[in-house]
Amino acid sequence: MHRHTARIAELAVFTAVAFIFSYIESLFPLPIPFPGIKLGFANLIIVIVLYRDGFPAALGVSLVRNLLNALTFGSLFGFLYSLAGSVLSLCAMYLLRRGFDADETGNKRLGERASDGAKMPDAVSGISPYKKKRPRLSLIGISAVGGILHNAGQFIVASCLVGFTSLLGYLPFLYFAGLVAGALIGALALLCLQRLPQQIRGDN
């Protein structure tokens, strides 16, 4: 099996797991008086794919998962809410990671996978040990921001449908829930990334 085929299979597995997480979470809503607030365990897979395979792969997994949700146990409005939140949070996490996890020239940090899935050596990455680095933002912090913006994206869609003023009092709860859920997802993603293999090897 070629490496490209192995990578497609890997992303398919991640998509399936994200879909299963979404379905299970829909069966057990949180016992809180605020509708729509959930932990979002499917976003754990999106964060993992973002850090392992990059933004295009994470976006693809997110779009397919949202579409599967809408076609099976979701609805059109649920699809719009989830799509807005997913895209906004994913774009924000990608930009934050790109801005806070690179050197001044925008090069990838050491240990990040190259396009073929291999680990880049120092000479290829072009990062000098004496070059000044930008401040780093942890995966947990980036995921927390993503959680906040995920709820913000859903809030924007809801405001367009039912009006901004009627939902204004709901905004602080969305912010707090997104912060807590995002930080939790980030912590879990960090543990998973430390234990997952760097790449799936395929036979050439």
Side-chain angles (χ1 to χ4, degrees), residues 11 14-15 17-18 21-22 25 30 32 34 36-63 65-66 81-114 119-120 125-129 131-158 170-199:
L11 294 178
F14 280 134
T15 303
V17 174
F21 280 175
S22 296
E25 197 166 21
L30 294 177
I32 54 178
F34 305 106
I37 293 181
K38 55 185 179 180
L39 292 176
F41 280 111
N43 296 324
L44 168 64
I45 305 301
I46 306 302
V47 175
I48 291 174
V49 175
L50 175 64
Y51 272 76
R52 279 176 59 87
D53 299 284
F55 176 77
L59 181 61
V61 171
S62 180
L63 292 177
R65 192 263 303 181
N66 285 321
Y81 291 140
S82 182
L83 182 64
S86 298
V87 172
L88 182 60
S89 64
L90 183 57
C91 290
M93 288 190 294
Y94 167 71
L95 292 175
L96 285 173
R97 189 188 179 212
R98 184 179 178 88
F100 286 93
D101 203 24
D103 65 8
E104 291 178 328
T105 62
N107 291 324
K108 294 182 178 179
R109 295 186 63 88
L110 298 178
E112 194 171 38
R113 295 201 302 177
K119 192 173 181 180
M120 292 190 304
S125 66
I127 300 179
S128 169
K131 182 178 286 297
K132 182 180 179 181
K133 303 294 190 302
R134 292 179 180 179
R136 295 196 65 183
L137 184 61
S138 69
L139 189 157
I140 297 176
I142 291 176
S143 180
V145 174
I148 294 172
L149 292 182
H150 189 281
N151 286 350
Q154 295 182 333
F155 179 83
I156 292 172
V157 173
Y170 194 45
L171 193 58
F173 301 101
L174 287 176
Y175 175 87
F176 179 75
L179 176 65
V180 174
L184 175 61
I185 292 300
L188 293 175
L190 184 60
L191 292 175
C192 291
L193 288 169
Q194 291 172 347
R195 287 162 174 77
L196 286 172
Q198 282 289 329
Q199 65 186 60

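We use all heavy atoms of the structure for the numbers below, so side chains are in, but hydrogens, waters and symmetry mates are not. The model shown is predicted, which means the values in this text are computed figures rather than measured ones.
- When every heavy atom of G178 is checked against every heavy atom of N151, the shortest pair comes out as N-ND2, 3.2 Å.
- Between the E25 side chain and the A42 main chain, no donor and acceptor come within less than 3.5 Å of each other.
- Annotation: the span from L188 atom CG to L139 atom CG amounts to 10.5 Å, rounded to 0.5 Å.
- Residues I45 and F14 approach most closely at CG2-O, 3.2 Å, considering heavy atoms.
- Note that the CD1 atom of I185 and the CD1 atom of I142 stand 15.0 Å from one another [nearest 0.5 Å].
- N43 CG to R65 CZ: the interatomic distance, rounded to the nearest 0.5 Å, is 5.5 Å.
- Contact annotation: the side chain of L39 never approaches that of V180 to less than 4.5 Å [non-hydrogen atoms, C-beta and beyond].
- With sequence neighbours left out, F55 forms a ring-ring contact (aromatic ring centres under 6.0 Å, His included) with Y94.
- Summarising the geometry of L50 relative to R97, their closest heavy-atom pair is O-NH1, 3.4 Å, with the distance given to 0.1 Å.
- For the pair V157/Q154, no side-chain contact is recorded, criterion being any heavy-atom separation below 4.5 Å from C-beta on.
- To the nearest 0.5 Å, atom NE2 of residue H150 and atom CG of residue L174 are 11.5 Å apart.
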Hey, mind stepping through Y51 and L196 against side chain to side chain contact (heavy atoms under 4.5 Å, CB included) and telling me if it holds? CA-CA 12 Å; Y51 272 76; L196 286 172; over 6 Å; no
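- Nearest approach of A92 to L149, heavy atoms of both residues: CB-CD1, 3.2 Å.
- A side chain to side chain donor-acceptor pair (under 3.5 Å) check over residues 84-93, counting only residues at least two apart or in different chains, returns the pairs N66-S86.
- Minimum heavy-atom separation, L11 to V61: O-CG2, 4.1 Å.
- Within the model, atoms CG of L44 and CZ of F21 stand 6.0 Å from one another, a figure rounded to the nearest 0.5 Å.
- Atom-to-atom distance recorded for I48:CD1 and S143:OG is 10.5 Å, nearest 0.5 angstrom.
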